[in-house]
Protein chains: 2
Amino acid sequence: MAKSARRQQIRSVETRERLILATLDEIHERGYHAATTQDIAARALVSRGALLHHFPTRAELVLAAMERLLDDGIAEIRTVAGRVANESMTIEEFVEFAWRMFSGRFFYLSLEMITEARNDASLRAQMIPVVKRFHAELDIAWAGVCASSARDSQEAGIILNLTLCLMRGMGVQAVLRPEPAYYRQLVEVWKRTLPLLLAGRLDKSFFA
Amino acid sequence: MAKSARRQQIRSVETRERLILATLDEIHERGYHAATTQDIAARALVSRGALLHHFPTRAELVLAAMERLLDDGIAEIRTVAGRVANESMTIEEFVEFAWRMFSGRFFYLSLEMITEARNDASLRAQMIPVVKRFHAELDIAWAGVCASSARDSQEAGIILNLTLCLMRGMGVQAVLRPEPAYYRQLVEVWKRTLPLLLAGRLDKSFFA
DNA sequence: TGAAAAAAGCAGGCAAGATTGTTTTTATTG
DNA sequence: CAATAAAAACAATCTTGCCTGCTTTTTTCA
């Protein structure tokens with residue numbers, strides 16, 4: 001009974017799912033503004049009427065898509081955190097993971113939203129809490145990575161954010177400077193710098 | 001004669017100038033797409049007809065504005081390079097300069113263009129050379145900063161780009177994480193890290 | 001149980017608004 | 001008088017959100 005009693009609901013969820021995925025794909029491939037409701041509906045194999053039935057306004061659809069993106073990101077980070085707890089991931093590998101994250105679809109989708117959020121106070125307000133959750137998850141993953149280092153958690157946090165900002169900046173630059181070798185080099189250097197910062201060989205006042 | 005013979009030309013140049021400045025202002029305040037030709041013309045106190053007379057298409061206007069932005073940026077960097085040559089600027093001050101650059105109007109305008117360029121092959125192709133020039137200028141400024149360090153120019157270049165990517169990433173994050181103290185902290189830590197990297201106390205193989 | 005009513009998902013047409021670029025006019029300068 | 005700058009009206013697209021039906025599923029009630 002419960003099974004057939006909700007056949008329609010299941011169908012509805014599937015449609016929403018396809019719409020959200022199509023939205024992310026469109027924004028990623030064409031950009032925030034070029035992703036029209038028409039294109040999204042077509043890509044999801046759904047009529048535009050159906051799209052507007054599930055998401056009365058474009059903004060609602062985009063926001064739902066964004067929450068989905070970050071949730072997926074969080075899930076990925078949790079996996080990484082697990083592998084770190086297992087001690088099956090090193091700092092070097094964590095850096096590689098971060099760079100993959102900031103040079104792929106996830107990041108460029110974020111970038112579209114960030115750029116848009118800068119000009120849309122409402123969107124920005126809605127995204128800030130979601131971003132907070134995201135960083136909280138990253139902190140957890142990182143805490144595992146640093147568990148054996150000499151740094152306390154606040155210092156380790158600084159080092160994490162240094163790393164992430166570096167990768168983020170590299171991701172942005174990659175748009176107009178497509179030179180994989182260049183980024184490879186920066187990543188490698190950073191992988192060698194990180195242990196130095198974590199080792200605690202530096203003055204205590206370093207992070208004051 | 002030359003004066004009156006070109007009164008009209010002067011007028012034309014002034015109009016173009018106002019249009020370009022208005023374009024940058026509009027894109028900065030409202031975003032790339034929200035900056036319509038109407039708004040730009042109104043802001044420049046010029047009729048839309050005149051705007052289209054000088055820049056037949058919106059794309060041409062935006063590109064001209066962008067070239068202007070980067071040229072101004074280059075001019076600013078040259079000034080800094082001069083002060084570095086004078087030895088009237090330290091590494092710490094250079095970092096501060098970079099952070100100002102990546103947390104202000106110049107950077108957010110660039111970000112609008114970068115995001116757009118990711119989805120517009122034509123725009124991207126036109127911007128890459130301009131960006132190259134920009135980085136070349138930065139290299140020159142940096143060469144002055146590093147003249148007295150133990151690093152050779154290639155190593156110094158890596159350190160420069162590490163610094164710039166860091167600042168760039170911070171600038172992006174600042175949109176959805178408006179916490180000045182947080183960025184202050186990262187900047188300070190980096191100011192202390194940089195001399196370490198430049199000092200050459202690290203293995204030669206560090207930058208291999 | 002079974003049929004009608006209600007609700008939900010879905011499809012497509014439609015109007016309103018906005019934006020761009022063209023074309024036509026006017027004015028100013030040489 | 002010719003040419004260039006500037007203004008203004010105009011046409012052509014696009015995109016969004018609304019509204020009206022249609023079909024399928026679910027619920028209700030006799």
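Note that the coordinates shown come from a computational prediction; the quantities given were computed from them, not determined experimentally. Order of the sequence lines fixes the chain letters, A, B, ..., with proteins taken first and strands second; residue numbering starts at 1 for each chain.
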In whole Å, I'd like the distance from the CD1 atom of A:I10 to the P atom of D:dT24. 18 Å
Please give, in whole Å, the distance from C:dT20 P to B:F55 CZ? 15 Å
Look at A:H54 and C:dC10 and indicate whether a side-chain polar atom (N or O) is within less than 4.0 Å of OP1 or OP2. yes
According to a strict under-4.0 Å criterion, is B:T37 in side-chain N/O contact with OP1 or OP2 of C:dT20? yes
Side chain of B:L52 - closest among D:dA6, C:dG13, C:dT22: C:dT22
Out of D:dG17, D:dA6, C:dT20, which nucleotide sits closest to the side chain of B:A50? D:dA6
Length of the CG-C1' vector between B:D39 and C:dA18, whole Å: 11 Å
Find out whether the Lys NZ or Arg CZ of B:R168 is both under 6.0 angstrom from the six-membered ring centre of B:F107 and within 45° of the ring's axis. no
So does A:S12 get a side-chain nitrogen or oxygen closer than 4.0 Å to the phosphate oxygens (OP1/OP2) of C:dG9? yes
So, A:Y108 versus A:F102, ring centres under 6.0 angstrom or not? no
Send over the distance from B:E60 CD to C:dT20 P, rounded to a whole Å. 14 Å
So, does A:T36 get its side chain near the phosphate of D:dC14, meaning an N or O under 4.0 Å from OP1 or OP2? no
Would you say a side-chain N or O of A:Q38 is under 4.0 Å from OP1 or OP2 of D:dT16? no
Atom CG of B:L61 to atom P of C:dT19: distance rounded to whole Å? 15 Å
B:H53 side-chain N/O to D:dA6 phosphate OP1/OP2 under 4.0 Å: no
Starting at the 5' end of DNA chain D and moving along, which residue's nearest nucleotide shows up first, A:A34 or A:G49? A:A34
Between NE2 of A:H33 and C1' of D:dT16 the distance, given in whole Å, is 13 Å
Return the value, rounded to whole Å, for the distance between atom CD of A:Q9 and atom P of C:dA8. 11 Å
So does B:A156 get a backbone contact from the side chain of B:W142, meaning a donor-acceptor N/O pair under 3.5 Å? yes
Could you check whether A:N119 and B:Y32, counting side-chain N and O atoms only, form a donor-acceptor pair closer than 3.5 Å? no
Looking only at side chains, do A:R48 and A:T37 share a donor and an acceptor under 3.5 Å apart? yes
A:T57 side chain N/O closer than 4.0 Å to the phosphate oxygens (OP1, OP2) of D:dG17? yes
Whole angstrom value for the distance that separates P of C:dA8 from CZ of A:R16: 14 Å
Looking only at the side chain of A:R11 (C-beta and beyond, no hydrogens), which of the listed nucleotides D:dA6, C:dG9, C:dA11 gets closest? C:dG9
